Amino acid sequence: MERARQLEKYLCKMSVLQTWLVQALFIFLITGSIGVLLDPCGRINPESPVVQLGSNFTAVCVLKERCMDYFHVNANFIVWKMGHFTIPKEQYTIINRTAASVTLTDVTSLNIQLTCNILTFGQIEQNVYGITLISGLPPEKPKNLNCIVNEGKKMMCYWDPGRETYLETNFTLKSEWATEKFADCKTKRDTPTSCTVDYSPVYFVNMEVWVEAANALGKVTSDHINFDPVDKVKPNTPRNLSVSNSEELSSILKLTWINSNIKNVIRLKYDIQYRTKGASTWSQIPPEDTASTRSSFTVQDLKPFTEYVFRIRCMKEDGKGFWSDWSEEASGITYEDRPSNTPSFWYKIDPSHSHGHRSVQLMWKTLPPFEANGKILGYEVTLTRWKSRLQNYTVNDTKLTVNLTNDRYIVTLTARNAVGRSDASVLTIPACDFQATHPVMDLKAFPKDNMLWVEWTTPSKSPNKYILEWCVLSDKSPCIPDWQQEDGTVHHTYIRGYLAESKCYLITVTPVYADGPGSPVSIKAYLKQAPPSKGPTVRTKKVGKNEAVLEWDQLPVDVQNGFIRNYTIFYRTNIGNETAVNVDSSHTEYTLSSLTSDTLYMVRMAAYTDEGGKDGPEFTFTTPKFAQGEIEAIVVPVCLAFLLTTLLGVLFCFNKRDLIKKHIWPNVPDPSKSHIAQWSPHTPPRHNFNPKDQMYSDGNFTDVSVVEIEANDKKSFPEDLKSLELFKKEKVSTEGHSSGIGGSSCMSSSRPSISSSDENESAQNTSSTVQYSTVVHSGYRHQVPSVQVFSRSESTQPLLDSEERPEDLQLVDNVDGGDGILPRQQYFKQNCSQQETSPDISHFERSNQVSSVNEEDFVRLKQQISGIPQSCGSGQMKMFQEVSAADAFGPDTEGQGERFKTAGMEAVLDEGMPKSYLPQTVRQGGYMPQ
Amino acid sequence: MDLRAGDSWGMLACLCTVLWHLPAVPALNRTGDPGPGPSIQKTYDLTRYLEHQLRSLAGTYLNYLGPPFNEPDFNPPRLGADTLPRATVNLEVWRSLNDKLRLTQNYEAYSHLLCYLRGLNRQAATAELRHSLAHFCTSLQGLLGSIAGVMATLGYPLPQPLPGTEPTWTPGPAHSDFLQKMDDFWLLKELQTWLWRSAKDFNRLKKKMQPPAAAVTLHLEAHGF
């Protein structure tokens, strides 16, 4: 424990010692360095120089012997430096062994650090001494010394100190009486150009004042001024300014105020200004009226019932000294006076007047304040008819509607205020039959200085007054006129209402004579025009091969925004340059000529007012390739020529008909009348044949015939050939298996068309089937051509089957191919019984061909239709569908649909037949064999 | 042209000569007054100004003295104020005074009054009152200077104050407080009377001096042209 305490003590001592040591060392160092500073090697003379800017300065450095000995140097080793810059040797002068001087010429820097150094040991520069050279300018003589004595305060003098000296310059204001000197007034640093003396100045005792400016480079005194302080007084502002009016005189206001105390010492004059409330410029009361001390003043020649604002200031009467500040503003209103003018007065007659009476609206304008001279309490209207007083009205409004007879009336109007009433404004409302005459002449309206001026020539008869009416012309709103009255001596004026720019105003001037109004004259005008807000929409009226007639509508007045001076039509082709054509504003049509034919033109149109134009929408049109009538000129002759040729041909044919008939139209023998037709024992009576009826009514389904067809793989066969081959085979099979059965006769229906060309026998085999090809066979030329001529069908049962059952298609293909024969049976769902054999089909098909067959056939067909038995309907359908599937068109169901459609139309002719089968028959069979 | 230039120079020289021969008064040299007229007018204005000043100062000071001195009808006998110069004088005597005597009496009176007033200043209690008194003293000093100036203008020597009669303010136990106040009262009263009288004096002098001043001007103009 004790040990620890000792250690602590020891440590404490140590730290104290350490601190002491540090302090001692610090003090030693400080004293050492001060010692060096205090004992420099030499000195510069002068020590703290102030030199004038631009002058020369010489400093001398004197070295001490001690140093010279120590460093082995003399004055020759002195080097002068200005900051870090060594002054050239040329500026040095060696005075003696210990002293050398340097001369700085034209000192321009304000603050220069100049040091004297010695070169020790040849090279090392050692600083000896340094001075700071301050430069500046001596003060200029202060000018424009003046003093001001604010009333009740001490005197302040101010002056113009002159140029900047760059040195600390003191200004001292000195003042004295003839007998006594006053204490100097020293300027404060922040206000070197004015000084407020310590004492209150004594009026009426002249004093002399001047300013002394002094700095390190000199001292200068201003001119002395000698004055009586009372001549430098700025009085205090007159206070409590008040304004009062007089009931007797509406044109005066009396001002009163309280003068400052200085009025006891000096005489004052005043400056009074006034203005109407709201005005910006002040009017001045003539100074001579207020040139003496006073505390009230009456301002005259003021307007009645007007608020005026006043202010006042004062100064010494003789004008020596200063004006006081302006007083606070005070305002007052002059008393009312009777209205000094009559109100503008006009009337309007309601156009829808009943017999013997008319409704007249009298209207007038409120008087402007400077004429009303007070608050208008009401208006009095008097109506006189033939000098007999009729009625008096007292109105508060500015209009009055009265019912008058058709006679002549005289109306008077007066405005009334608290003081009195105005003169009467008289208006004559003429009788109904009055004819207005003497209009104003040369009416002009033009904008000037942002106002719309109207000018006219006075009519020969001098009017009492003029009435100007104006309204905005617009398609959207009706013309609601505003109006104003002008004196009879006036012949130009401006419209005093609010006018909008780019609106068309219709201005009407009516002279008013003692006996009634004259004829009105109107004119349109714009206060300021603008480009139209919309351009005109151009369109073509007629387009020719080389010209186009354009037309457009006049712009509505609401979008015109000014007078339309002209139009410009711009037109161009797709690629060509734009062409502009100027058109007078009176036109609404223009013909563009020398256009190129069969070309797209783009045309637009701009309308121009005085202020600019506006484009309308673009319109495109195409010039036709041919001019009108050109096509006709070509077509008509061609047609005529054709007709003529045809006629000639017909004539020729007619002449030579026997010959032609012999070649083209040989007599074809009628197979029905042949003996072979009667050969078939199963042939049903032709005229009773109707497959459908037969099919359903008979319900003959049990009698199914089975046809076996050998499938053929050959797909590449042309269809004609395919079917041909098919038919050949079928023929064989029919002959082989089921001759005479209805099924086979169904099959054989198509056979004849194929076999026609090569086998006449086959045709004859097929019961009642008339083959097309047999028609042209010379062998039957004596028969009459019949419908059977066109009957044909290449449809084969296997193909039909294959379409309905795709799995069988392969088999059909095989059959077509001929090799790899895969015999297969074709089942007819419906039995083609004996009745449904080939003749049905031929009938059936025949009907489909009707449209394309000649008239004769058609007639026949008609006859037959009724007797057609309905048999083999479904079977027939299947067969035809199959044919189409195997058709060259491929399994195109759409195509089939189309075909169905066309067939449907044709089928209408034959009511009893299923429409959907017809087309296939037509297409399939009609042309293929040909 | 030459002739005109010569004329101008001649006129200037003439003017300079006239100015040179004007009574050289040191006190007025600086003001450059052409004659006694303006300075007399100014002195008259100054007396009026001092009257105005004194009116407010006396009111304040008498209030400071307290009742009965501030009562309007307080009119004590003139006791112990014999040293103050008397302004009241018989009208006949006053009328018979010549300008020099008149100015001299004024000068002497104000010299004395100023001395007493300075003593008053020392006693005054409030700063405002001291300030007013100081300003009044300065003004009165100015009046003395003005009178001296007028006298100098008119060529009258300033009265030399006799060494023994130099008035000095003797504050102390000799006077009782009331008597002291009485002295102050009379000092202010006498000052007022003297200012009235001076105003009359200078008004009279002003009127008297105007014609000669005009004559001098006329003479100068005649000589100059």
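On a predicted model such as this, the values are computed, not experimentally measured, just so you know. By convention in this document, chain letters (A, B, ...) are assigned in the order of the sequence lines, proteins followed by strands, and residues within each chain are numbered from 1.
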Verify the neighbour count for atom [atom1] of [X]: are there more than 12 heavy atoms of other residues, nucleotides or ligands below 6.0 Å?
| X | atom1 | answer |
| --- | --- | --- |
| A:Glu164 | CD | yes |
| A:Glu180 | CD | yes |
| B:Lys200 | NZ | no |
| A:Arg189 | CZ | no |
| A:Glu329 | CD | yes |
| A:Asp289 | CG | yes |
| A:Asp301 | CG | no |

**Fill in**
Between B:His135 and A:Pro201, the two heavy atoms sitting closest are CE1-O, 3.3 Å

**Complete:** Heavy atoms of B:Ser146 and A:Val205 approach each other most closely as OG-CG2, 4.2 Å

**Asked** Got B:Gln53 and A:Val265 here, is their nearest side-chain heavy-atom distance under 4.5 Å?
**Response** no

**Item:** Close side-chain approach of A:Val202 to B:Phe136, heavy-atom, < 4.5 Å
**Value:** no

**Item:** Which portion of B:Glu51 sits near chain A, non-hydrogen atoms under 4.5 angstrom
**Value:** neither

**Structural part of B:Ser139 lying under 4.5 Å from a heavy atom of chain A** = both

**Asked** Considering residues at least two apart in sequence or located in another chain, which fulfil the disulfide (SG to SG under 2.5 Å) criterion with A:Cys314?
**Response** none

**Item:** Summary of ring-ring contact (aromatic ring centres under 6.0 Å, His included) pairs that have at least one residue in residues 221-243 of chain A, sequence neighbours excluded
**Value:** A:Trp210-A:His224

**For chain A, which residues of residues 98-106 of chain B have heavy atoms nearer than 4.5 angstrom** = none

**Message:** Applying a heavy-atom distance below 4.5 Å, give me the residues of residues 42-49 of chain B that approach chain A, sorted by number.
**Reply:** B:Lys42, B:Asp45, B:Leu46, B:Tyr49

**Prompt:** Roughly how far apart are A:Tyr203 OH and B:His52 NE2, rounded to 0.5 Å?
**Reply:** 9.5 Å

